Amino acid sequence: WMRPTALRSRPASPKRGRATTWIAAWISSLPWSTPARARARSGCDPCGRCGDETLNEAIRRWLPNLALALASVIFTLAAIELASPWLVRRLPLKLHFTLDRYQRPLAQSSKRGAVPVPPYIALLGDSYAMGLGDWLLDADPDRNGPYQAAHILHDLLGRDIVTFGRSGDSSMGAYVKRPFQTLHYLAETRFAYPEPSLYVAYFYEGNDLEDNLRDLASSYTGAHYDESRFYDADYFREFLKQEWLELSRREKWTPTLDHTVALRVIRKTLVAALFGWPEGFEPHPIYPGKVNRARMRDGVAVLPEPLQSASVGLGPEELRKALWTFDQSLRLLHDDQPDVPILLVFIPAPVTIYPISSPRVSTLSGREGDDTIQLRTREEVAARSDLVCRHVRGMAEQLGLGFLDPRHTLWPAARERFLHGPKDWAHFNKDGYTALAHALAPALEADALPHGRCVDVSAYFASVPLSE
C-alpha cells in the first residue's frame, strides 16, 4: 500500500532489477518530477487520476462557497450580537443559565431593557433577592415572566429594579463581592450599568449568619489569616478586599470573547442540547407536620417541618463572629459607595412569620448541608430573632442607613394564608413576595428612608394561645 501509483500502474521492466524499478517509479511519482508535471499538464491529478476535474480545481471551485458560508455565519452572529440588548431581555427563563453570572442581570425582566434606566434600585442578598420559591418553580420556562418581589416593585413604583442576589451568598458575597464585581464587569462591556440610586440590602435571619461562618471557614481560616486579629477592623477589611473584592485577581471578573452574549448563549444552549440540560433548583425536602402548629384566622393549621428559624443553633462565639462579619461587610459597602443610600431590610425566617401556637418548633440548623432537625421552644426562637434583629437595626443606625422590618405587614397576611410553599417552604411563594413588595413600596416611594424598629416576636408569640 505504500508503493507509488506509478509502480502500480506500470509493470516492471524485465531488464531492470526489482529495487531499481521501485526507486524509479517512486521518483516519477513525486509532484516536482518531470512525469508528474506532464500528468498535471494533461489534466491528471497527483494521484494519477485523469478526469474532467483535478483536485486543485475542485478546491478552487468550492472555496468561494466555503468562504460565503463562513461569512454568512459571522454576519449572522454579528447581527444577533448587535440585537442582543433587545434579545437578552426576552431570553426565556430556561436559558438564563447560559449567561455568565455577571451577565444575568441583563436578562432580568423587572426593568425596561437590558441596561436599567436611572434612577434604578438594586437588590442585594441571597436566594430571597434572587427570587427562589414556588412562584419561580411554577413559572413558564419558555417565557421571561415575573417571579419575585422585584417585578412587583417595578410595576408599583414604575422604576427599574435590578437584583444582584445569588443563592447561598453570605454577607461577604451579597454586600461586598456581588455588587462590586458585577458593576465593574459590565463597565468593561457595552452594557455598562450606571450607579444605582438605592441599594435595598436584604438580611435573611434564616441562614445568613450560618453562611457567614461557612465562608469564613474557607476564605479566612482556610487562607491562613491571623485568628488573633479577627476582630481588628482594619485587618478584617484588608481580608475582605483581598478575598472578596479580589482586587489582585481581576482576570476572574474581566470579560473575554467567550463572554460575548450571543456566542455564549448559542454555545451553552448547543452544549446543553447535546449533553443534557443542567438540573434546576430543588427545594429542601419537607415532611408532614407533627410538631409545628400556627393559629391562623380559620383555626389551628399544621405547618410542615423542619422550618428555617432564627439561627438558634449558634453558640455565643459563633453568633458574635457571624454578626461581626455582617457588620464589616455592610460597612465596606457603605464606605465604598458613600453616595448610594442603603435600605437594610430584615427578611424573617418562616418560623417568625406565622403565629406559632405549638410549645415547641421543629427547625433546621441553617448550616448548608446539615439536615439536623432541632426542637426548640417558641420562646427560644422568639428571643434569638429579637436579639439578631436588634443587632442588625443597631448597625443600620450606626452607619446612618434606612431600616425596615416588614413583619408589620407580613404578620396580618400570614394569618390569612400561607406565604411559603407548598413545594418550597424555605422561600416565599407568590403571595409572600407580593406581601413583601407591598411592605417595601411605601418606604421606597418616601422622600427619606425609614428608620423603623424591630417587631417584638416574643410578645407576639406570647399573645398566641397554645394549641394542643
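In what follows, residues are counted from 1 in the order of the sequence shown. In this text, all values refer to a predicted model and were calculated from it rather than measured experimentally.
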Problem set entry | Salt bridge present between K430 and D134 (N-O < 4.0 angstrom) | no
Exercise. With no hydrogens and no angle check, do the side chains of E205 and S311 hold a donor and an acceptor under 3.5 Å apart?
Worked result: no
For this session: Take the angle between the ring planes of F418 and W425 and call it parallel below 30°, perpendicular above 60°, tilted in between.
Result: perpendicular
Exercise. Can you tell me how far the CD atom of E195 sits from the CG atom of L183, to the nearest 0.5 Å?
Worked result: 8.0 Å
Problem set entry | Sub-4.5 Å side-chain heavy-atom contact between I342 and Q337 | no
For this session: Determine whether the aromatic ring centres of Y225 and F239 lie less than 6.0 Å apart.
Result: yes
Exercise. Atom CD of Q328 and atom CE of M172: how far apart are they, to the nearest 0.5 Å?
Worked result: 11.5 Å
Problem set entry | Residue pair Y102 / Q181, side-chain donor-acceptor N/O under 3.5 Å | yes
Problem set entry | Proximity of H151 and Y433 rings by center, below 6.0 Å | no
Exercise. To the nearest 0.5 Å, what is the distance between CZ (F346) and OG (S385)?
Worked result: 4.5 Å
Problem set entry | Spacing of R320 atom CZ and F230 atom CZ [to the nearest 0.5 Å] | 9.0 Å
Exercise. Looking just at side-chain N and O atoms, do R159 and S197 make a donor-acceptor pair shorter than 3.5 Å?
Worked result: yes
For this session: Look up atom CG in D215 and atom CG in D169, then write down how far apart they are to the nearest 0.5 Å.
Result: 8.0 Å
Exercise. Nearest 0.5 Å, what's the CH2-OH distance between W244 and Y175?
Worked result: 13.5 Å
